[in-house]
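These notes are about the structure you will find just below.
Scope of the values below: all heavy atoms of this structure, side chains included, with no hydrogens, waters or symmetry mates. A note on names: the letters A, B, ... follow the listed sequences, proteins ahead of strands, and every chain is numbered from 1.
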Amino acid sequence: MTGTQIFLTVAVIAIGTALTRFLPFIIFRSDRPTSKYMQFLGKHLPPAVFGMLVIYCLKDVLFVFRGTTGLAEGIALLFTLVLHLSAKNMLFSLLGGTACYMLLLQFVF
Amino acid sequence: MNKNSSFSSALRAAFPHTLPVLAGFGVLGATYGILMSVSGFPFWVTSLISLTVFAGSMQFVAVNLLLGAFAPLEAFLLTLMINARHIFYGISMLDRYKGKGIKKLYLIFGMCDETFSINCTAKVPEDVDEGKFFLATTLLNQSYWVIASTVGGIFGSIISFETRGIEFVMTAMFFVILVDQLREKKARISGIIGLFSGAVCLAVFGADVFILPTMAAILLFLTLLRPLIDKEAKV
């Protein structure tokens, strides 16, 4: 690619990304009252989105039945869960869970 | 809510919420910068992309696009597909971002997974202006990303670090937020719908294309189960 083509490609990707972020705000303009159905979605989509995001983060290890793939992730998430349910401190759970994953990755698997 | 509270108090309130993102973006951003550098791009191209695109997984995909033949339409469609999940973030934030003035444009532009997660779930302190808090989160997170990827782009392969696995902090963050949501009775059905739809679609369609079917399944289940969900929310 030439320099110009690189810039055009970057511009296209930037515009495409911005479009996915702006689209709902363009379609459901704030000067009109939000419909009951959209209010329902706005309120109840987030928990589903976080479920989807967790799967998204694990997409390359989930359902891959090869050797120990996914084992480190599974153990670390379980450890995060135990920490979170016992200490109820988000930052602490994240730190502990990530440390657990790093140790598993660097010394076990 | 205090409209006159200063931006620095919003920054102070938002900063602790962004710490996991600082760790995750610090390493992922640097990794991205290094990848761009070893692929032959000068650091300022990396900075420019992190400033204008600001979407982690898309930027990694874009490295391959930029190394291939010039195909703008293909790049555009791929971008829409990979980033389609943002549409759900927008729908969730329609009311929260309402009436935030000119700031709103940047709040929407900078709404990556992590920024959405914080702005959607964080409890903004009473004495801090909500709009300024959202702005502080968005600005802090994008700064981490731009700075880390620029540093990675400048130093390239000179940097080596034994921080393998630290990017897991992002997975852990989404996971902990999900756990908190599932513990609330009114959010439980929706959370399970998201997990279930994602898992089934991933198993059926594979890692490359499962997001669009997952989004469709989530909309379908939420709509079908709406009476039940409304009932749970009222109790």
At a heavy-atom separation under 4.5 Å, does [X] approach chain B through its side chain, its backbone, both, or neither?
{"X": "A:Tyr37", "answer": "both"}
{"X": "A:Leu81", "answer": "both"}
{"X": "A:His44", "answer": "both"}
{"X": "A:Phe40", "answer": "side chain"}
{"X": "A:Leu45", "answer": "both"}
{"X": "A:Phe63", "answer": "side chain"}
{"X": "A:Leu23", "answer": "side chain"}
{"X": "A:Gln39", "answer": "side chain"}

How long is the span from the [atom1] atom in [X] to the [atom2] atom in [Y], to the nearest 0.5 Å?
{"X": "B:Cys201", "Y": "A:Met52", "atom1": "SG", "atom2": "CE", "value": "10.5 Å"}
{"X": "A:Met38", "Y": "B:Ser92", "atom1": "CE", "atom2": "OG", "value": "9.0 Å"}
{"X": "B:Phe174", "Y": "A:Leu58", "atom1": "CZ", "atom2": "CG", "value": "11.0 Å"}
{"X": "B:Glu74", "Y": "A:Thr9", "atom1": "CD", "atom2": "OG1", "value": "10.5 Å"}
{"X": "B:Leu66", "Y": "A:Ile13", "atom1": "CG", "atom2": "CD1", "value": "5.5 Å"}
{"X": "A:Arg21", "Y": "B:Phe109", "atom1": "CZ", "atom2": "CZ", "value": "7.0 Å"}

Closest approach of [X] and [Y], non-hydrogen atoms and distance?
{"X": "A:Pro47", "Y": "B:Leu178", "value": "O-CD1, 3.8 Å"}
{"X": "B:Ala207", "Y": "A:Asp60", "value": "CB-OD1, 4.0 Å"}
{"X": "B:Ser57", "Y": "A:Tyr56", "value": "OG-OH, 3.0 Å"}
{"X": "B:Val176", "Y": "A:Ser93", "value": "CG2-CB, 4.2 Å"}
{"X": "B:Phe76", "Y": "A:Gly16", "value": "CE1-CA, 3.7 Å"}
{"X": "B:Ala55", "Y": "A:Thr17", "value": "CB-CG2, 3.9 Å"}

[X] versus chain A, the contacting section by heavy-atom distance below 4.5 Å:
{"X": "B:Leu105", "result": "both"}
{"X": "B:Arg183", "result": "side chain"}
{"X": "B:Phe41", "result": "side chain"}
{"X": "B:Ala84", "result": "backbone"}
{"X": "B:Ser197", "result": "neither"}
{"X": "B:Met58", "result": "side chain"}
{"X": "B:Ala69", "result": "backbone"}
{"X": "B:Ser117", "result": "both"}
{"X": "B:Val179", "result": "side chain"}

Partner chain A: residue of [options] with the largest heavy-atom pair count (under 4.5 Å):
{"options": "B:Gly206, B:Ala199, B:Pro20", "value": "B:Ala199"}
{"options": "B:Gly110, B:Ser190, B:Ala75", "value": "B:Ser190"}
{"options": "B:Thr214, B:Asp95, B:Ile193, B:Ile177", "value": "B:Ile177"}
{"options": "B:Ala23, B:Gly194, B:Pro72", "value": "B:Gly194"}
{"options": "B:Thr52, B:Ile87, B:Ile192", "value": "B:Ile87"}
{"options": "B:Lys186, B:Gln181, B:Arg188", "value": "B:Gln181"}

**Request:** Please check if atom CZ in B:Phe196 has more than 12 non-hydrogen atoms from other residues, nucleotides or ligands closer than 6.0 Å.
**Result:** no

**Request:** Might you confirm whether atom NZ of A:Lys59 has over 12 heavy atoms from other residues, nucleotides or ligands at distances under 6.0 Å?
**Result:** yes

**Request:** Determine, using ring centers only, whether B:Phe88 and A:Phe50 are less than 6.0 Å apart.
**Result:** no

Compare all side-chain heavy atoms of [X] with those of [Y] and state whether any distance is below 4.5 angstrom.
{"X": "A:His84", "Y": "B:Asp180", "answer": "yes"}
{"X": "B:Phe210", "Y": "A:Ile55", "answer": "yes"}
{"X": "B:Lys104", "Y": "A:Phe25", "answer": "yes"}
{"X": "B:Phe116", "Y": "A:Val49", "answer": "yes"}

**Residue from B:Ile218, B:Ile91, B:Leu94 passing side-chain contact (heavy atoms from CB on, under 4.5 Å) with A:Leu41** = B:Ile91

**Item:** Matching residue for B:Met173 among A:Thr80, A:Val54, A:Leu94 - test: side-chain contact (heavy atoms from CB on, under 4.5 Å)
**Value:** A:Leu94

**Prompt:** Most heavy-atom pairs under 4.5 angstrom with chain B, which of A:Leu95, A:Leu85, A:Leu103, A:Leu104?
**Reply:** A:Leu85

**Item:** Contact leader toward chain B among A:Val12, A:Ile6, A:Leu83, where contacts are heavy-atom pairs under 4.5 Å
**Value:** A:Val12

